[in-house]
Amino acid sequence: LRLPPGVGAASQSLRLEKDRTYRIRCIVLNNNPFMISVAHESTGEIIVSDNRDWNQLTTRWGERIVEFDARNNALHSVSLSNGRDDSAFIDFCTLNEVNPEAT
């Protein structure tokens, strides 16, 4: 999932499994503010919403990592938003299941 310059929001639907932990990692340019949210697609219930600061990787790039638990087997909407069409450049976001045995 990407949020290129000139685009204010993007989303993608994904099937997540109940009682599994997931991690979203986004790479962002120049500490531009943006919101990550995950919602249950059929009910609209928000599972996680995050607009914290990012962790600096280089002088220009940062990352934000958000972890959450899926509450049921269903489609979920993963969304990125900066509220404007001209500010955030999110190069990419990935969503992966967290392996509890590896942590």
Side-chain angles (χ1 to χ4, degrees):
L1 191 58
R2 297 186 78 207
L3 193 59
V7 177
S11 65
Q12 184 173 355
S13 294
L14 301 165
R15 180 164 296 282
L16 303 180
E17 295 185 29
K18 180 179 181 177
D19 298 328
R20 303 254 175 117
T21 300
Y22 294 89
R23 176 181 296 135
I24 299 173
R25 179 179 182 250
C26 295
I27 303 298
V28 62
L29 180 65
N30 293 335
N31 195 19
N32 288 305
F34 68 100
M35 173 75 70
I36 299 171
S37 62
V38 178
H40 187 271
E41 199 163 271
S42 66
T43 65
E45 175 191 10
I46 295 174
I47 295 171
V48 66
S49 181
D50 182 278
N51 65 352
R52 294 175 291 138
D53 288 335
W54 53 276
N55 300 315
Q56 190 166 348
L57 297 174
T58 69
T59 56
R60 296 188 65 206
W61 293 96
E63 73 175 348
R64 186 178 312 157
I65 297 173
V66 177
E67 288 190 5
F68 66 95
D69 295 324
R71 296 184 188 136
N72 49 31
N73 297 328
L75 284 175
H76 291 73
S77 177
V78 178
S79 302
L80 305 175
S81 173
N82 62 16
R84 300 171 37 185
D85 291 342
D86 62 351
S87 62
F89 172 46
I90 302 168
D91 189 44
F92 69 87
C93 289
T94 58
L95 184 138
N96 296 293
E97 182 180 349
V98 175
N99 181 350
E101 296 161 3
T103 57

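The basis for the numbers below is simple: all heavy atoms, side chains too, and nothing from hydrogens, waters or symmetry mates.
- Here CG of Asn96 is found 10.5 Å from CD of Glu67. Values are rounded to the nearest 0.5 Å.
- Counting all heavy atoms, side chain and backbone alike, Lys18 lies closest to Asn73 at N-OD1, 2.6 Å.
- Both Trp61 and Phe92 are part of a single hydrophobic cluster, where members link through side-chain heavy atoms under 4.5 Å apart.
- Contact check for Asn55 versus Glu63: side-chain heavy atoms found under the 4.5 Å cut-off.
- Between Asp69 and the choices Ile47, Asp19, Thr21, the side chain to side chain contact (heavy atoms under 4.5 Å, CB included) rule is met once, by Thr21.
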Can you give the donor-acceptor pairs under 3.5 Å from side chains of residues 34-46 to other protein atoms, not counting sequence neighbours?
from	atom 1	to	atom 2	distance (Å)
His40	ND1	Ser42	OG	3.1
His40	ND1	Thr43	N	3.4
His40	ND1	Thr43	OG1	3.2
His40	NE2	Asn72	OD1	3.3
His40	NE2	Asn72	ND2	3.3
Glu41	OE1	Ser13	OG	2.3
Thr43	OG1	Glu45	N	3.2
Glu45	OE2	Arg71	NH1	2.4

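- In this structure, the separation between OG1 on Thr58 and CD1 on Ile27 is 9.5 Å, given to the nearest 0.5 Å.
- Side-chain contact between Tyr22 and Val78 is absent, with no heavy-atom pair separated by less than 4.5 Å.
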